[in-house]
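The block underneath contains the structure these notes are about, expressed in structure tokens.
Predicted, not measured: the structure shown is a model, and the values here were computed from it.
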Amino acid sequence: MTEEKDFCEPYKILIEALLDKHAKEVTVHDLSELSGFAETFIVAVSRSELHSRTLKDTAEEALDRLGLPYRIEGENSSKWTLIDVGHLIVNILSREGRDFYRLDSLWGDAPTKRFVDQDD
């Protein structure tokens, strides 16, 4: 019997950092069998524009600690900031952005783990 690999494990530092800064509704999608552009897709919801910037900065610090190079799209957007690591895509969305773009629904067939802020 083969042991199933935890697709979140390589990004544990990043996921925990986002949760420590009270990101809402963090989901991690394993796209390794479904997508040719990324293996892992993370979605996190911010509470405000300031919180969105804080989550972006936190994600950058975690990626730097992991030694992963990245590009940022929508850095000044109040609805959606995307951090492209290549094999990993991190999406930081406002509540309105998440409801509008519905990114999670794009990957309904992908294995998914959901994390919640323990202070909620």
Side-chain angles (χ1 to χ4, degrees):
M1 188 171 184
T2 56
E3 203 173 300
E4 197 170 311
K5 185 180 133 190
D6 180 3
F7 60 91
C8 294
E9 186 60 34
Y11 310 111
K12 185 176 179 181
I13 289 171
L14 172 60
I15 295 163
E16 287 178 354
L18 291 169
L19 292 169
D20 285 347
K21 293 296 181 180
H22 306 289
K24 309 277 291 169
E25 302 171 38
V26 176
T27 56
V28 182
H29 305 272
D30 178 5
L31 305 183
S32 60
E33 301 295 321
L34 300 173
S35 167
F37 75 92
E39 292 179 9
T40 308
F41 199 75
I42 297 176
V43 179
V45 174
S46 65
R47 300 169 194 251
S48 67
E49 193 169 332
L50 176 61
H51 190 224
S52 181
R53 285 194 301 271
T54 299
L55 293 177
K56 178 198 66 77
D57 292 345
T58 298
E60 286 181 277
E61 290 167 8
L63 292 169
D64 288 342
R65 283 197 315 263
L66 292 167
L68 297 172
Y70 53 87
R71 287 180 320 127
I72 298 175
E73 304 277 336
E75 192 164 1
N76 297 315
S77 172
S78 62
K79 284 190 180 179
W80 186 6
T81 300
L82 181 143
I83 303 172
D84 182 352
V85 185
H87 62 287
L88 166 70
I89 305 293
V90 180
N91 301 275
I92 300 168
L93 297 142
S94 66
R95 164 61 47 216
E96 297 79 20
R98 187 164 198 160
D99 292 345
F100 181 80
Y101 294 110
R102 299 176 40 113
L103 295 178
D104 291 296
S105 67
L106 294 174
W107 308 112
D109 294 341
T112 300
K113 289 195 177 181
R114 292 172 183 7
F115 300 87
V116 293
D117 179 4
Q118 296 303 310
D119 290 341
D120 280 345

Query raised in the report: For Lys56, what residues pass the salt bridge (Lys or Arg N to Asp or Glu O under 4.0 Å) criterion, not counting sequence neighbours?
Result: Glu60, Glu75
Query raised in the report: What's the spacing between Glu25 CD and Ser46 OG if we round to 0.5 Å?
Result: 11.0 Å
Report task. Would you kindly confirm whether Phe7 and Ile83 end up in one hydrophobic cluster when ILVMFWY residues are joined by side chain heavy atoms under 4.5 Å apart? Result -> yes
Report summary line: One should read off an interatomic distance between Leu63 CG and Leu88 CG, to the nearest 0.5 angstrom, of 6.5 Å
Report task. Could you note down all residue pairs passing ring-ring contact (aromatic ring centres under 6.0 Å, His included) where residues 58-83 supplies at least one of them, sequence neighbours left out? Result -> Trp80-Tyr101
Query raised in the report: If you group Ile, Leu, Val, Met, Phe, Trp and Tyr by side-chain heavy-atom gaps below 4.5 Å, do Tyr11 and Val90 land in one group?
Result: yes
**Report entry** Heavy-atom pair with the smallest gap, counting every atom of Ile92 and Ser52
**Finding:** CG2-OG, 3.8 Å
Query raised in the report: Is it true that Leu68 and Leu55 fall in one hydrophobic cluster, defined by side-chain heavy atoms closer than 4.5 Å?
Result: yes
Query - Charged N-O contact under 4.0 Å between Asp104 and Arg98 - result: yes
Query raised in the report: What do you reckon, is CD of Glu33 surrounded by more than 12 foreign heavy atoms closer than 6.0 Å?
Result: no
Report summary line: Here the gap from Ser94 atom OG to Glu96 atom CD, rounded to the nearest 0.5 Å, amounts to 4.5 Å
Report task. Indicate the atoms forming the closest heavy-atom contact of Ala110 with Thr112, along with that distance. Result -> O-OG1, 3.0 Å
**Report entry** Ser32 side-chain N/O to Glu39 backbone N/O, donor-acceptor pair under 3.5 Å
**Finding:** no
Query raised in the report: So how far is it from Arg47 CZ to Lys24 NZ, rounded to the nearest 0.5 Å?
Result: 4.5 Å
**Report entry** Heavy-atom closest contact (Ala23 atom, Ala44 atom, distance)
**Finding:** CB-CB, 4.0 Å
Query raised in the report: Quick one: does Asn91's side chain have a donor or acceptor within less than 3.5 Å of a partner on Ile42's backbone?
Result: yes
Report task. Could you walk me through whether Phe100 and Leu93 pass the side chain to side chain contact (heavy atoms under 4.5 Å, CB included) test, one step at a time? Result -> CA-CA 10 Å; Phe100 181 80; Leu93 297 142; over 6 Å; no
Query raised in the report: When hydrophobic residues are tied together by side-chain contacts of less than 4.5 Å, even through go-betweens, does Leu19 share a cluster with Ile13?
Result: yes
Query raised in the report: If Ile, Leu, Val, Met, Phe, Trp and Tyr residues are connected whenever their side-chain heavy atoms lie under 4.5 Å apart, and connections chain through other members, are Val43 and Leu106 in the same group?
Result: yes
Query raised in the report: Who pairs with Asp109 by salt bridge (Lys or Arg N to Asp or Glu O under 4.0 Å), at least two apart in sequence or on another chain?
Result: none
**Report entry** Non-hydrogen atoms of Ile89 and Ala38 that approach each other most closely
**Finding:** CG1-CB, 3.8 Å
Query raised in the report: Looking only at heavy atoms, what is the nearest atom pair of Thr27 and His29, with distance?
Result: OG1-NE2, 3.2 Å
Requested in this report: Using the test salt bridge (Lys or Arg N to Asp or Glu O under 4.0 Å), find all partners of Arg71 that sit at least two apart in sequence or belong to another chain.
Outcome: Glu73, Asp84
Report task. Return each pair, listed once, that meets ring-ring contact (aromatic ring centres under 6.0 Å, His included) where at least one residue sits in residues 40-63; pairs must be two or more places apart or across chains. Result -> Phe41-Trp107
Query raised in the report: By salt bridge (Lys or Arg N to Asp or Glu O under 4.0 Å), which residues pair with Glu49, not counting sequence neighbours?
Result: Arg53
Query - Ion pair check, Lys12 and Asp6, cut-off under 4.0 Å - result: no
Report summary line: When every non-hydrogen atom of Lys21 is compared with those of Thr58, the smallest separation belongs to CG-OG1, 3.3 Å
